[in-house]
Every structure is written in structure tokens, then in C-alpha cells.
Amino acid sequence: MAKSKKSWEKRLAGQPDPLTIDFVESLSYDKRLYKYDIAGSIAHAQMLANQKLITKAEFKQIKSGLLETSEEIADGRFKFDKKFEDIHMAIEARLIAKIGEAGRKLHTGRSRNDQVATDMRLWMRDEIETLQTEITLLQKAFAKLAGKYIKDVMPSYTHLQRAQPIVIAAYLLSFVEQFERDFIRLGNCGQLLNISPLGSGAVAGSTLPLDRKSTAEQLGFHGISRNSIDAVSDRDFCAEFIFDCALIAAHLSRLAEDWIIYSTSEFGFVSIDDSFCTSSSMMPQKRNPDLLELIRGKAGSVYGALMAMLTILKGQPTGYNRDLQEDKIHIFTAGDTVSQSLDMATAIVSHTKFNTKKISSGLDEGFLDATALAEYLVGKGVAFRQAHGIVGSLVAHCEKTNKKLANLGLDEFKKYSSSIEADVYESIGAVKVVSKYVTEGAAGPKQAKKQIAYWQKRLAQR
Ligand code: ARG
């Protein structure tokens with residue numbers, strides 16, 4: 001029936017197939033853009049009035065109609081009808097139902113193509129701020145935990161084999177660094193995306209005298225896009241945002257993996273608080289780190305979103321294509337997943353204890369002090385490559401005789417190198433080694449203290 005036809009579909013014969021209505025709609029997920037859509041529409045209408053394309057009275061009607069609609073949505077009074085396809089048409093239809101003729105003028109000089117690109121940039125700006133706040137909270141939790149373990153020694157690992165001794169604080173601070181890069185990366189993404197595509201229309205701009213700079217300014221963009229064709233087809237910011245989320249997910253997943261391993265009976269390095277563990281439906285003794293496992297697992301969804309976004313972009317001809325509607329599913333998945341995982345990780349980090357007794361009781365395993373012993377020999381004038389060989393032989397000797405380097409007598413040491421003297425005992429043993437680290441950024445207590453002070457100051461400014 002022509003009467004119930006949507007105005008933007010007058011050109012089509014008959015009614016859309018019911019399958020079409022379900023398949024084409026994005027309202028079920030893009031409704032969360034409503035605030036941004038309304039902000040964009042108010043800015044656009046204000047500009048139309050300034051440019052005398054609509055009257056001031058019409059602008060007032062449009063603005064109050066849109067604000068009312070916004071309240072209806074916020075209060076759950078709005079009826080989302082998928083026949084309107086998306087949030088843009090649903091809001092416009094409601095506006096027209098409310099105010100009539102003036103509502104029909106809102107879309108002057110605009111297309112859903114520049115509208116949706118604007119909405120998404122506005123959404124993403126806010127989402128980035130939220131994620132940055134969550135990242136900061138996680139960093140603070142790490143820095144605080146690090147403050148409790150400045151002097152406590154643990155093994156470091158390479159290839160998951162014992163490497164050199166470190167203080168627990170240094171280990172924890174390594175995560176603050178990772179998340180700092182994530183914070184900066186998101187900020188860069190936010191900077192780059194903060195230009196207004198509004199006024200680019202469907203693809204070629206408009207014959208009407210739109211003032212693009214004024215809408216950009218009203219919406220807090222720092223400029224306008226230069227090319228209308230690019231403006232409506234560009235989703236680089238989506239791919240970049242999801243990539244940034246994917247790296248956050250990677251960092252969270254590596255943390256989760258560490259702590260899943262560290263909380264096993266075999267390691268026993270950390271105790272994850274019971275409130276962040278689950279049990280088993282069958283094995284009554286179980287205390288499982290499921291939340292950490294979920295953080296690790298959720299990285300998969302974020303990576304999937306990244307791959308999906310990149311694939312959506314590939315092979316699209318220039319200009320807007322409806323493929324792009326799918327972008328929202330993936331930016332929302334990436335943002336939501338990472339946001340949830342960041343909050344969970346912050347809670348877990350804030351309640352985790354390192355079992356320092358258990359850790360220190362095992363510190364003499366794995367020859368953590370071997371590298372420091374080689375460097376001791378360098379201090380005595382032995383070439384490093386030769387020192388490396390001497391210590392290698394000493395370690396083999398210890399393994400055969402079931403000893404630790406620190407238990408060897410001076411006479412035993414002397415059999416391997418005449419350069420080893422009585423002061424060697426000051427340079428070996430995991431606990432002594434960490435206080436011997438002198439390089440900037442090393443994993444010793446002095447450096448950890450300095451880094452904690454740095455982070456406390458830097459994070460407090462956020
Ligand atoms: N819901 C659409 C999207 O998310 C809005 C743009 C539709 N434009 C069009 N010309 N059909 O991309």
C-alpha cells in the first residue's frame with residue numbers, strides 16, 4: 001500500500017519482503033548511537049537555520065522534538081520498530097510524527113552516509129575516553145601492588161625457563177608500560193578520527209550552502225574532512241580502534257596466562273582471591289581461575305572483530321556501501337569486550353597476593369645468578385665469552401654434584417677460574433644479584449622504586 005510506504009522508498013514497487021526487513025535492519029544494535037545521532041541532528045539543524053535553509057522557528061521545533069525523543073529513548077518509552085531500518089530513520093520518523101512539516105526538513109543536505117560516519121566518530125571519541133579511564137585504573141592497581149613488593153625477589157623467565165632474578169615490583173611494572181602504550185595509541189586514534197564528515201552527503205556533497213565548519217565546531221571536531229567521497233567511505237578509524245583494542249586484549253591475555261600458570265600448585269607464586277575464582281561441578285577441591293581464562297578467551301572475540309572489520313573493507317568499491325553497516329557490530333564488540341576485561345583485570349590485580357615465602361624458598365633453583373657470576377668475572381678482567389664458558393662449566397659441575405653456585409667453596413671455584421676471589425659471594429645468590437643491577441630500567445629494587453614514583457606522579461595527573 002503506497003500510503004504506508006516509507007518516504008525514502010517511494011521509488012520501489014510494493015512492500016519489502018519480510019526477510020528484507022530483518023536482514024537490512026541495524027536498529028537492534030545501532031540504537032546505542034542515539035545520543036550521538038541526536039547531537040549531530042541538532043547541530044545540523046542549527047546550521048540549516050543559520051544558513052536560512054530552515055527558519056528559526058523550525059529549528060526550535062526540531063530541537064525540542066529531538067530532545068524529547070532522546071528522553072523517550074533514555075526512559076525506555078521509545079518503540080524501536082525495525083521497519084525503520086536504523087537509528088537514523090527511527091529518530092527522524094519519530095520527529096516527524098511529533099512535529100510534522102518541520103521534521104521533514106531535518107534531512108536537508110544530509111544523507112545517512114555522512115550521518116552515520118559522524119555518529120560513529122562521536123561514539124568512538126567517548127568510548128576511547130572510557131577505555132582510557134579504565135586503563136588508568138588498571139595501571140594504578142599494578143603500581144599499587146608493585147609498591148608492596150619492591151624488595152621481594154622472584155625468578156624471571158625466558159622461554160618459560162628460569163632466567164635472572166628480578167623484584168616482583170619490576171615484573172608488575174612491566175604491565176604498566178604495556179598499558180601505557182595502549183593508552184597513548186587510543187589517544188592517537190581519537191586525535192586522527194576527530195574530524196567531521198558531516199556535510200559530505202551521500203558521496204558528493206551538496207548544492208545547498210551548508211556550513212560544515214559550524215557543525216564541526218558545535219560537535220567538538222577539530223576540523224572537517226577534505227574530500228566527501230573519502231569521508232563517507234572511510235572506516236580506517238574503525239579498523240584502527242579495533243586494532244588498539246586487540247592489543248589491549250593481547251596484553252590482558254598475557255597477564256591472564258601468567259597468573260593462570262603462577263596460581264597452579266606447581267608454581268604457587270600468586271593467590272587469586274576466591275571472589276575471582278570458580279569451583280567445579282564435580283571435583284569438590286577445585287579452585288579455578290576461570291575469570292582469567294575468560295579474559296584470555298575474550299581476546300579471541302576481539303581479534304575476530306579486527307579480522308572481520310578488515311575483511312569488510314577489502315574489496316569495497318569507492319563510496320559508501322551497505323557492507324559498512326556491519327562495522328558497528330565489530331567496533332561495539334571490541335569496545336565492550338575490552339572494557340569488561342579491563343574492569344575485571346583491575347579487580348583481580350587489586351586483590352592478588354604474591355606468595356613471597358613460597359617464591360623465595362625456590363629461588364636457589366635454576367641458577368638465576370649465573371649471568372651475574374659471568375659479569376662478576378668480566379669485572380675481574382675476563383672476556384665475557386670466556387666468562388660465559390667458565391660459568392657454564394660451573395653450572396654443569398653443580399648439576400652433577402647437586403649443588404648451587406652460592407654453596408661452592410672458593411677452592412672449587414678456583415678450579416674453574418683463578419680470577420674468582422673471596423668477594424664472589426657478594427655477587428651471587430638471587431637476592432644479592434637484584435641489588436647489584438645498575439642499568440637504567442633494570443629489574444632491581446632501586447629501579448622499581450624509581451619507576452613507581454614516576455607512575456604515581458604520572459597517573460595522578462589523569
Ligand atoms: N544503517 C546504515 C549504516 O549503518 C546507515 C547508512 C545507510 N545508507 C544507505 N545509503 N543505505 O551504514
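Just so you know, these numbers use all the heavy atoms, side chains as well, and skip hydrogens, waters and symmetry mates. Counting convention: from 1, in listed order, for ligands and their atoms alike.
For atom 3 (C) of ligand 1, the closest heavy atom belonging to the protein is Tyr320 OH, 3.2 Å. Counting protein heavy atoms only, atom 8 (N) of ligand 1 is closest to Asn113 OD1, 2.9 Å. What sits closest to atom 4 (O) of ligand 1 on the protein, heavy atoms only, is Lys328 NZ, 2.5 Å. The protein atom (non-hydrogen) at minimum distance from atom 5 (C) of ligand 1 is Asp86 OD2, 3.4 Å. Looking at atom 2 (C) of ligand 1, its nearest protein heavy atom turns out to be Gln325 OE1, 3.2 Å. Distance from atom 11 (N) of ligand 1 to its nearest protein heavy atom, with residue and atom name: Arg322 NH1, 3.2 Å.
Side-chain N/O atoms of Gln139 and Arg462 include a donor and acceptor closer than 3.5 Å.
Aromatic ring pairs are classed by plane angle as parallel below 30°, tilted from 30° to 60° and perpendicular above 60°; the pair Phe269 and Tyr157 is tilted.
When each atom of ligand 1 is checked for a heavy atom of Ser26 under 4.0 Å away, the hits are 1 (N).
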Query - Worked check of side chain to side chain contact (heavy atoms under 4.5 Å, CB included) between Ser225 and Arg212 - result: CA-CA 9 Å; Ser225 54; Arg212 296 192 52 212; 2.9 Å; yes
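Judged as a side chain to side chain contact (heavy atoms under 4.5 Å, CB included), and not counting sequence neighbours, the contacts of Lys31 are Leu27, Phe80, Ile87. The ring pair (Phe, Tyr, Trp, His ring centres under 6.0 Å) search around Phe59 returns none, not counting sequence neighbours.
Environment of CZ in Arg226: sparse, with no more than 12 heavy atoms of neighbouring residues, nucleotides or ligands closer than 6.0 Å.
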